Chemist: 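The structure is given below, and queries will be raised subsequently.
Just so you know, these numbers come straight off a predicted model, no measurement behind them. Atoms within a ligand are numbered from 1 in the order they appear, just like the ligands themselves.
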Amino acid sequence: MSREVIKIRGGSTLSGEVEISGAKNSAVALIPASLMAAEGEVVLEGLPEISDVNTLMSLLNDLNIRTELDGTVLKINADKAENMPLPNTKVQSLRASYYMMGAMLARFKKCVIGLPGGCPIGPRPIDQHIKGFEALGAKVTNEHGAMYLEAEELKGAKIFFDVVSVGATINMMIAASGAKGQTILENVAKEPEIVDVASLLNSMGADIRGAGTDSIKINGVEKLHGTTHSIIPDRIEAGTYMIVGAAAGEDYTVRNIIPTHMESLISKLQELGVRIETGDDFVKMTKPAKYSPVSVKTQVYPGFATDLQQPMTPLLFMANGVSKVTETIYPARFRHIDELSRMDGKIEQKSGSALIFPSNLKGADVYASDLRAGACLLISGLIAEGVTTIHNVNHIDRGYTDIVKKLQTLGADIWREEISDH
Ligand code: EPU
């Protein structure tokens, strides 16, 4: 059997422009939400070209929903949608399949679906989603690895979340749009992806107010309809390329971003010593001659994103002192550490945090355990001496559009290769 790896010869200085694609974590909610249009076509523009998009399209097809993907534009026609059980491996391949629960419940009042999978970054419960569905009047059971959700009628409710959750906030906006009466969500997440999903739903005829603040009000509506929606840029992809620029960039520009989404990262990179110029929809940067050590603590938006914690780590090996990373959202999101050790990165893990010591990384064979660990290894390979081979690249392709091509355009010595297992 052969499989693909990504190889990188480190040490190149990168320059030029990179264009950021649409946001993965928005796309994976917008696609399921589109199935709620009982009439007319939903057109999603600017989608990222990643495998999660194809998996969700295929789940919609299982419900007799027509999808047509042309580059970054996806047309979805759910006029003839039929409710079918989805207890299959496709569901388990991505976390975001939990949005099918909210959307199917709103449209059909019933959903049978496998348990959502996703990146192995520690425990990822969905109790807040279930609490929300139950508050809206659904009966939720879990049998033989599948979830059964059913409601005679969904009724608006007041829901106070026990933890701030991106997924639960979005799922309740979706489900409550199909409920009778008003739903009030308190202690919600404020990530830009939540605002993006609310804006799609509103242009489909929903009535959602307050997305992006601590409290969201949703007035349920009879029916949703088709619309055209342009997705926001991916702030995590943007952040990943900004970290690349901070590590190896000279006259280096990251385009198609919303700079206000990047503030916590920009200020951390400036603290490290990186010079950044911010424009309307771009940042320009050049790597500094020396980097100061920093402390990074992940927090809900607008704090430092957990999804950038692993990509940020390689940069900290370049500092002239000890840096610290504290992970408060997923305290076990440290599976990249063993791989960095293979590259001679000196790093010590304590519960929920890691100390990063100045190190010169060396190329090695390393394994991506999850999407953002994969990004971390790519960045490590770009700054390491010699050749790094990254295995399990399917994780990376789940979330980054054309990452090898984009890095090649910036001048990186990176390529894909088929290797045989024997
Ligand atoms: N949590 C619960 N119960 C729940 C839901 C969440 O205890 O019912 C906890 C989680 O265990 C975690 C915290 O709440 O400790 C926050 O989790 P959240 O629900 O916000 O995460 P998510 O919605 O499942 C999304 C992104 C993740 C990103 C997190 C945090 C998608 C599909 N995934 O996950 O993205 O890390 O928000 O920002 O939107 C990635 O892109 O690599 C990725 C993992």
Side-chain angles (χ1 to χ4, degrees), residues 21-33 48 50-53 55-56 91 93-102 115-135 140 142 147 159-175 185 187-197 231-232 234-240 261 264-265 298-312 326-336 352 368-376 395-401 403:
S21 300
K24 161 188 167 277
N25 287 344
S26 223
V28 297
L30 299 175
I31 298 170
I50 54 174
S51 57
D52 275 5
V53 164
T55 310
L56 286 166
V91 171
S93 77
L94 85 166
R95 180 86 185 148
S97 42
Y98 51 40
Y99 294 131
M100 296 296 286
M101 296 181 192
L115 284 172
C119 284
I121 54 177
R124 298 182 77 182
I126 56 164
D127 56 301
Q128 297 303 304
H129 302 240
I130 294 170
K131 167 177 158 162
F133 293 137
E134 287 176 341
V140 184
N142 176 357
M147 305 276 303
I159 303 167
F160 194 101
F161 292 112
D162 304 312
V163 290
V164 177
S165 159
V166 175
T169 303
I170 292 180
N171 233 343
M172 280 329 112
M173 292 193 315
I174 293 175
L185 307 177
N187 197 28
V188 295
K190 292 182 268 200
E191 270 67 1
E193 293 73 24
I194 289 158
V195 181
D196 201 28
V197 177
I231 191 167
I232 56 169
D234 194 314
R235 65 197 165 91
I236 307 301
E237 188 197 16
T240 303
H261 293 173
S264 59
L265 176 66
T298 64
Q299 254 144 10
V300 293
Y301 186 82
F304 193 94
T306 169
D307 295 341
L308 289 174
Q309 177 262 114
Q310 293 157 298
M312 185 74 173
T326 306
E327 174 58 72
T328 71
I329 312 289
Y330 293 111
R333 199 173 199 176
F334 283 112
R335 290 181 65 186
H336 53 300
S369 57
D370 57 81
L371 170 59
R372 309 300 171 190
C376 160
H395 288 298
I396 299 173
D397 295 330
R398 275 194 46 211
Y400 287 94
T401 303
I403 192 160

Chemist: Pairs of nitrogen or oxygen atoms closer than 3.5 Å, one from Ser165 and one from ligand 1: do any exist?
Modeler: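 Yes, since at least one N or O of Ser165 sits under 3.5 Å from an N or O of ligand 1.
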Chemist: Can you check whether Val188's main-chain N or O pairs, donor with acceptor, with Thr169's side chain at less than 3.5 Å?
Modeler: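 Side chain of Thr169 to backbone of Val188, a donor-acceptor pair under 3.5 Å: no, none is there.
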Chemist: Using a 4.0 Å heavy-atom cut-off, which part of Tyr330 comes near ligand 1: side chain, backbone, both, or neither?
Modeler: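 The part of Tyr330 near ligand 1 is the side chain, not the backbone.
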Chemist: Show the atoms of ligand 1 that are less than 4.0 angstrom away from any heavy atom in Arg95.
Modeler: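 By the 4.0 Å cutoff, the relevant atoms are 24 (O).
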Chemist: Does His395 have a non-hydrogen atom less than 4.0 Å from ligand 1?
Modeler: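 For ligand 1, residue contact (heavy atoms, under 4.0 Å) with His395 is absent.
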Chemist: Determine the sole option in His395, Arg372, Lys24 for which the side chain to side chain donor-acceptor pair (under 3.5 Å) test with Tyr400 is passed.
Modeler: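 Single side chain to side chain donor-acceptor pair (under 3.5 Å) partner of Tyr400 among His395, Arg372, Lys24: Arg372.
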Chemist: Sub-3.5 Å donor-acceptor pair from the side chain of Asn187 to the main-chain atoms of Phe160, do we have one?
Modeler: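 Answer holds: no.
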Chemist: Okay, side chain of Gln309, backbone of Arg333: is any donor-acceptor separation there less than 3.5 Å?
Modeler: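 Flag set: sc Gln309 to bb Arg333 pair under 3.5 Å.
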Chemist: Taking a cutoff of less than 4.0 Å between a non-hydrogen atom of the residue and any ligand atom, is Pro125 in contact with ligand 1?
Modeler: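 Per 4.0 Å heavy-atom rule, Pro125 contacts ligand 1.
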Chemist: What part of Ile329 sits under 4.0 Å from ligand 1 if we count only heavy atoms: the side chain, the backbone, both or neither?
Modeler: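 The answer is both.
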Chemist: Roughly how far, to the nearest 0.5 Å, is the CD atom of Gln299 from the CD atom of Glu327?
Modeler: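 Going from the CD atom of Glu327 to the CD atom of Gln299 covers 10.5 Å.
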Chemist: Can you name the atoms of ligand 1, numbered from 1 with element, that are less than 4.0 Å from a heavy atom of His129?
Modeler: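 With His129 as reference, the close atoms of ligand 1 come out as 8 (O).
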Chemist: For the backbone of Pro48 and the side chain of Ser21, can you confirm whether one donor and one acceptor N or O come within less than 3.5 Å of each other?
Modeler: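 No; zero donor-acceptor contacts below 3.5 Å.
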Chemist: My understanding is that we take every heavy atom of each candidate and find the minimum distance to atom 37 (O) of ligand 1. Doing that for Val166, Val28, Asp162, which one comes out nearest?
Modeler: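 Among Val166, Val28, Asp162, the closest heavy atom to atom 37 (O) of ligand 1 comes from Val166.
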Chemist: Answer yes or no: does an N/O atom from Thr306 fall short of 3.5 Å to an N/O atom of ligand 1?
Modeler: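 For ligand 1, there is no N or O atom that lies under 3.5 Å from one belonging to Thr306.
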Chemist: Can you list the atoms of ligand 1 that are under 4.0 Å from a heavy atom of Ile126?
Modeler: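 So the atoms of ligand 1 that pass are 4 (C), 8 (O).
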Chemist: Tell me, please: is Lys24 in heavy-atom contact with ligand 1, that is, under 4.0 Å?
Modeler: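 Under 4.0 Å: yes for Lys24.
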Chemist: Using a 4.0 Å heavy-atom cut-off, which part of Arg333 comes near ligand 1: side chain, backbone, both, or neither?
Modeler: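 Near ligand 1, Arg333 shows its side chain, while the N, CA, C and O stay back.
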Chemist: Compute the shortest N/O to N/O distance between Leu371 and ligand 1 and return yes if it is under 3.5 Å, no if not.
Modeler: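 No, there is no polar N/O contact under 3.5 Å.
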Chemist: If the plane angle is over 60° it's perpendicular, under 30° parallel, otherwise tilted; pick one for Phe334 and His336.
Modeler: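 Geometry flag for His336 against Phe334: parallel rings.
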Chemist: Under 4.0 Å, heavy-atom basis, I'd like to know which part of Gln128 is in contact with ligand 1: side chain, backbone, both or neither.
Modeler: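 Within the 4.0 Å criterion, Gln128 contacts ligand 1 through backbone and side-chain atoms alike.
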Chemist: Contact between Ile236 and ligand 1, counting heavy atoms under 4.0 Å?
Modeler: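 It does not, in that no heavy atom of Ile236 comes within the 4.0 Å cut-off of ligand 1.
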Chemist: Measuring from atom 23 (O) of ligand 1, which candidate in Ala375, Gly167, Ala332 has the nearest non-hydrogen atom?
Modeler: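 The nearest heavy atom belongs to Gly167.
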Chemist: Measuring from Met172:CE to Ile170:CD1, what's the distance to the nearest 0.5 Å?
Modeler: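 Separation between the atoms: 11.0 Å.
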Chemist: So do the side chains of Asp307 and Leu371 get within less than 4.5 Å of each other, counting heavy atoms only?
Modeler: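 A side-chain contact under 4.5 Å is absent here.
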Chemist: Any idea which part of Asp127 is under 4.0 Å from ligand 1, heavy-atom wise: side chain, backbone, both or neither?
Modeler: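 Near ligand 1, Asp127 shows its backbone as well as its side chain.
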Chemist: Identify, with sequence neighbours excluded, every residue that meets ring pair (Phe, Tyr, Trp, His ring centres under 6.0 Å) alongside His261.
Modeler: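 None.
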Chemist: Within less than 4.0 angstrom of ligand 1, does Tyr98 place any heavy atom?
Modeler: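 Flag set, Tyr98 near ligand 1.
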Chemist: Got Met101 and Val140 here, is their nearest side-chain heavy-atom distance under 4.5 Å?
Modeler: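 Met101 vs Val140: side chains apart.
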